[in-house]
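Structure first, commentary second.
Values below: every heavy atom of this structure, side chains too, minus hydrogens, waters and symmetry copies. Throughout, a chain's letter reflects where its sequence line sits, starting with A, and its residues are numbered from 1.
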2 protein chains.
Amino acid sequence: MKRRPTIMDVAARAGVSKSTVSLVLQGSKQVRPETRKTVEAAMAEIGYVYNRAAANLRSASVGLVGLVINDLRNPFFTEFATSLQMALAAEGYATVIANSDEDPELQAKLVGSMIEHGVAALVISPAYGEASDTFDQLARTGLPVLQVLRRMDERTDLFPFASFDYAAGSAEATRHLLDQGARHIAFVGGLPGRAITRERKSGWREVLKAEGLDQVALHGKSTRAFGMQAADTLLADHPEVDAAVCFNDLVALGLMAGFARAGRPVGQGFRVVGFDDIEEAAQSWPQLSSVSCDIAGFARDTAARLLAWMVEGQRPEPELRIPVRLVPRASSLGPAA
Amino acid sequence: MKRRPTIMDVAARAGVSKSTVSLVLQGSKQVRPETRKTVEAAMAEIGYVYNRAAANLRSASVGLVGLVINDLRNPFFTEFATSLQMALAAEGYATVIANSDEDPELQAKLVGSMIEHGVAALVISPAYGEASDTFDQLARTGLPVLQVLRRMDERTDLFPFASFDYAAGSAEATRHLLDQGARHIAFVGGLPGRAITRERKSGWREVLKAEGLDQVALHGKSTRAFGMQAADTLLADHPEVDAAVCFNDLVALGLMAGFARAGRPVGQGFRVVGFDDIEEAAQSWPQLSSVSCDIAGFARDTAARLLAWMVEGQRPEPELRIPVRLVPRASSLGPAA
DNA sequence: CATAGCTATTGGATCGTTCCAATTCTAGCG
DNA sequence: CGCTAGAATTGGAACGATCCAATAGCTATG
């Protein structure tokens, strides 16, 4: 087991100096084409692999971006993560993806590890919970940090934030359900007290308030399982409810499955609108109406804003809201009860 | 904008030498507790952050494991990735997750980038397609590399491989459908010619052959969309088919949605079994029977085998097959046609 | 009180690259 | 043929940690 070859070995083999090899590695157009050929051949022959740690040590700029996601299992975030990675890859940046699993402690570890590995910037969708220390530490590094899709609960203004205009989306969904004839519209999902829950709920509340209608809200973890359970609760405790705006598509899909299980399939008298418009929404049965968020576009946008910050030092505006639009499908368009 | 403090700055502040600071960083029990206190205080005061690039350069051992997944959007793989990351985190290793998106070229780039960043080992679920170069390069590094869940098509024996016993699983599923009274069992999904398709199909084929029954197979991308489309094809071209073993749960869910759309909901005469038992299988309606693969357990196992290799130099057996088990649910237990 | 045997600390060399200033090469021109 | 401008190449310092061998400090012991 011998050690990995270095540029010195390459240089010796190619009969040039290490500096020349370094220039070749960096794609400098200052080396003569034939010299470049020789060097490249030498590299291939002895199986040279670039040692990025050494390079970073000297040059301090790393083509590495960290991405910390609170729940990578959620397809919405998975889609964002993969799209962002691809957008950054196109610009020559590598992305390390990590999942904090809604655990502020794990999140702190992950962020720390990324800083140590010398990421040039960080994109984070924060876990719920107390994490001021993590963010203070992050702020001290002076690294470009973008909050996306979610904002931490305290110190909201520490880093620029970009997300969708959830309030407008839920208002649109609620108005749509009213137009379709619904009169008792519940809100289902979302952990109480969270900023994002407030946002996604606020549009619904404002519209119902303006109409003087009753407001039933069931809060809980935003999972399929909670949606199923919520279906039973609605049927048992709030039989008058004839429609629901859901915190996200997972809850909506669970809700629909729950109604189906109870023999009251959605589409016949009960209307549902979800949030996020994940791929599955168009492929469920009945197809799920959803507030679409063009997450792939958002990811590309995020990449562009991040690059502008990193490369041109152009700090993005502190808060950005991307418009959303309702995609009506069968789950909210069925015949009235 | 001043530069990041180094251990020299910490040393100066704490009134000790850089070597002592280094020992503190490594948690050596050779430093006096009060000295440690002093040093730690100094670090906190000047906001020191560890520079892992520099450390790696000298020590060559990096607590970093690379994970390259062919389709991170597939919940099955997402679950595996997050579980593996957590298992490795518990042992002090950081994991970089990347998505090759079934693109051998992107995969080559990602693998290259990971090697450059000095990962201590690599876990890969290869993309379909030609990638000998990538794997040869990988083999030359001498790094521990584990193939999981999928095996590359050529040079199958280059790296140890671990997966589930898919053939046994599909045989069990097929026998179960026969027991339930099905007589025309189709196989749906899976790209033709792939090793994994052959595996998941072989059990089905053997059982049907033994019974002398007809074998209808629809191949295609293993997505929800293909499942929906397959439903239409089955209804139109193979009306006699009364059950299906699906390549994976996504296809099965799409198939169920497609039948529902056509007014022939699964559970009434038509039976479906999926593969992977993703979380959603238990939360769809009707609940989906599926061949369960305990992916989280598999991930923990993978972590253990990888650590044994990295730390103790114990190369795992070349091929490992984890048993699977059928979880029967409503989608295959409904009343006969 | 000298000394052996610890433990705790230290300075210098080192890892593999990039950066910089200096040097060598090449071609063109009078 | 000598000179020069520009291109191509080069050697040495630097990055920030770890490693190692050497040293200083401290007790216990004869």
Taking atom [atom2] of [N] as reference, at what distance in whole Å does atom [atom1] of [X] sit?
{"X": "B/His117", "N": "C/dG16", "atom1": "NE2", "atom2": "P", "answer": "17 Å"}
{"X": "B/Ile46", "N": "D/dG16", "atom1": "CD1", "atom2": "P", "answer": "12 Å"}
{"X": "A/Met8", "N": "D/dA13", "atom1": "CE", "atom2": "P", "answer": "13 Å"}
{"X": "A/Glu116", "N": "D/dA17", "atom1": "CD", "atom2": "C1'", "answer": "12 Å"}
{"X": "B/Arg4", "N": "D/dC15", "atom1": "CZ", "atom2": "C1'", "answer": "12 Å"}
{"X": "A/Asn56", "N": "C/dC15", "atom1": "CG", "atom2": "P", "answer": "19 Å"}
{"X": "A/Leu23", "N": "D/dA8", "atom1": "CG", "atom2": "P", "answer": "11 Å"}
{"X": "B/Leu57", "N": "C/dT18", "atom1": "CG", "atom2": "P", "answer": "12 Å"}

Would you say the side-chain atoms of [X] pair up with the backbone N or O of [Y], donor to acceptor, closer than 3.5 Å?
{"X": "A/Asn99", "Y": "A/Leu72", "result": "yes"}
{"X": "B/Arg150", "Y": "B/Ser125", "result": "no"}
{"X": "B/Ser22", "Y": "B/Lys18", "result": "no"}
{"X": "A/Ser163", "Y": "A/Arg321", "result": "no"}
{"X": "B/Thr302", "Y": "B/Phe298", "result": "yes"}

Please pick, from [options], the nucleotide with the shortest atom-to-atom distance to any side-chain atom of [X].
{"X": "A/Lys18", "options": "D/dA13, C/dG16, D/dT9", "result": "D/dA13"}
{"X": "B/Leu25", "options": "D/dG16, D/dT18, C/dT18", "result": "D/dT18"}
{"X": "B/Ser19", "options": "D/dA17, C/dG11, D/dA8", "result": "C/dG11"}
{"X": "A/Val16", "options": "C/dT10, D/dT10, C/dG16", "result": "D/dT10"}

**Item:** D/dG11 base / A/Ser17 side chain donor-acceptor hit below 3.5 Å
**Value:** no
**Item:** Distance-only donor-acceptor test, A/Arg58 side-chain atoms vs C/dT17 base atoms, 3.5 Å
**Value:** no
**Request:** Report the residue (A/Ala53 or B/Gly15) whose heavy-atom-nearest nucleotide on DNA chain C is the more 5′ of the two.
**Result:** B/Gly15
**Message:** Nearest heavy atom decides the nucleotide; on that basis, is B/Ala54 or B/Val31 closer to the 5' end of DNA chain C?
**Reply:** B/Val31
**Prompt:** Base, sugar-phosphate, or nothing for A/Thr6, non-hydrogen atoms under 4.0 angstrom?
**Reply:** sugar-phosphate
**Prompt:** For B/Val21, which contact category applies under a 4.0 Å heavy-atom criterion: base, sugar-phosphate, or nothing?
**Reply:** nothing
Answer yes or no: does a side-chain N or O of [X] lie under 4.0 Å from OP1 or OP2 of [N]?
{"X": "A/Ser22", "N": "C/dC19", "result": "no"}
{"X": "B/Arg32", "N": "C/dT9", "result": "yes"}
{"X": "B/Gln26", "N": "D/dA17", "result": "no"}

**Asked** Got a sec: does the CD of A/Glu279 have more than 12 other heavy atoms crowding it under 6.0 Å?
**Response** no
